[in-house]
Number of protein chains: 2
Amino acid sequence: MKKSPAQEAWRLLWDFMLENRRRFLHAVAELGLSPPQAFALRHMDPDRPVTMSELADVLFCDASNVTGLVDRLEARGIVERRADERDRRVKTVVFTPEGLELRERIVALMNEPPPAITGLSRKDQQALLEIFERATATAA
Amino acid sequence: MKKSPAQEAWRLLWDFMLENRRRFLHAVAELGLSPPQAFALRHMDPDRPVTMSELADVLFCDASNVTGLVDRLEARGIVERRADERDRRVKTVVFTPEGLELRERIVALMNEPPPAITGLSRKDQQALLEIFERATATAA
DNA sequence: TATTGTTATACTCTATAACTATA
DNA sequence: TATAGTTATAGAGTATAACAATA
């Protein structure tokens, strides 16, 4: 049974993502962070406070887990909790100055394309970019 | 500062992978498996015994963790440990009949391309496939 | 009453170090 | 001595359920 282009492309993408997962785990560990912590810090916008529940949504986990995650980041002086002024049930999380530095490193690290991408021809990179623009538009 | 095609493509790929991570976590949870368990079962070949250390390598974790992971899969009747005949230090892991059924479901589920891929034109899918063939070759 | 975040609990993942049995 | 796997331990992620404060 012949595989469709979609299935074949998907298989190659899986391999690519698995390899990338290895790179990610390694890089994140070097920064002394767990994967969820790295995801959270990457998502946090220095210019916009993020709520606990928003982090839970991003991390795709139960809200109860975010309490401990932010506790640990707060204990390390990376972030701080702030009370929301309009709704006092809500707590927001913001960076400390040290946290901002760490975030810069995380973002720089995650924004660096892997060898599989940088090794492609400029033309392939451009085509890849355009295809994924269409893919994102389709899925949304 | 203008972003390069590689950086731009990488950013889109990252979003794609995050969305895929959500799909994966959801699907795996529905099968009653943890992500590492799913990775392990997907990697295991029904026709070829896999060693504990090979699983540790695939999961990108310390070998000591594989003991507990396989313990739990074994307790659920999904896999069985076998002693290697040539080197009695080595243990291999094989599927039980029930495990084989579960593996079929996992593989079928993971092989299913996401909407972002199936929604692309046949031409885009073909181009994507070819680009990732070159990307994989380059990285290796 | 409903929502946000926390606490309590139990289970899994993870790394490190020490151990065993084999080689 | 070296290697494969295990055990012991500690810390972190995860879900569920119950709870407090606020809306």
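Every value quoted in this text rests on a predicted model; they were computed, and no experiment measured them. In what follows, every chain begins at residue 1, and chains take the letters A, B, ... in the order their sequences are listed.
- For Arg76(B) and dT12(C), the shortest distance from a side-chain N or O to OP1 or OP2 is not below 4.0 Å.
- Between Ser64(A) and dG5(C) there is no side-chain N or O to OP1 or OP2 distance below 4.0 Å.
- Separating the CG atom of Leu69(A) from the P atom of dT7(C) is a distance of 14 Å, rounded to the nearest angstrom.
- When side chains are defined from C-beta on, Ile106(A) does not count as touching Gln37(A), because their heavy atoms never get closer than 4.5 Å.
- Taking 4.5 Å as the limit, some side-chain heavy atom of Arg81(B) sits within range of a side-chain heavy atom of Met52(B).
- Between Met52(B) atom CE and dT22(C) atom P the separation is 16 Å, expressed in whole Å.
- dT22(C) atom P lies 16 Å from atom CD of Glu85(B), rounded to whole Å.
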For this session: Give the C-alpha distance, both sets of side-chain angles, the deciding distance and a yes or no for ring pair (Phe, Tyr, Trp, His ring centres under 6.0 Å) between Phe24(B) and Phe39(B).
Result: CA-CA 11 Å; Phe24(B) 172 72; Phe39(B) 280 127; 5.1 Å; yes
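- Atom CZ in Arg89(B) sits about 6 Å away from atom C1' in dA4(D), given to the nearest Å.
- At the phosphate of dT6(D), OP1 or OP2 sits under 4.0 Å from a side-chain N or O atom of Lys91(B).
- In this structure, Ser34(B) does not reach the dT12(C) phosphate: none of its side-chain N or O atoms is under 4.0 Å from OP1 or OP2.
- Atom P of nucleotide dA12(D) and atom CD1 of Ile78(A) are separated by 12 Å, given to the nearest angstrom.
- We find that CG of Asp62(A) is positioned 12 Å from P of dT6(C), with the value rounded to whole Å.
- Between dC13(C) and Arg72(B), a contact under 4.0 Å exists linking OP1 or OP2 to a side-chain N or O.
- Counting to the nearest Å, the P atom of dA10(C) and the CG atom of Asn65(A) are 16 Å from each other.
- Side-chain nitrogen and oxygen atoms of Arg88(A) include none within less than 4.0 Å of the OP1 or OP2 phosphate oxygen of dA20(D).
- Counting non-hydrogen atoms under 4.0 angstrom, Thr67(B) reaches a base of the nucleic acid.
- In this structure, Glu54(B) and Leu59(A) both approach DNA chain D, and ranking their closest nucleotides by distance from the 5' end singles out Glu54(B).
- Residue Cys61(B) places its side chain closer to dT14(C) than to any other of dA15(D), dA23(D), dT14(C).
- Nucleotides of DNA chain C nearest to Leu25(A) and Asp87(A) differ in position, and the one nearer the 5' end is that of Asp87(A).
- Atom CD of Gln37(B) and atom P of dT14(D) are 15 Å apart (whole Å).
- Looking at Asp15(B) and Thr136(A), their side chains never come closer than 4.5 Å, going by heavy atoms from C-beta outward.
- You'll find the side chain of Pro114(B) reaches within 4.5 Å of the side chain of Arg23(B), heavy atoms only.
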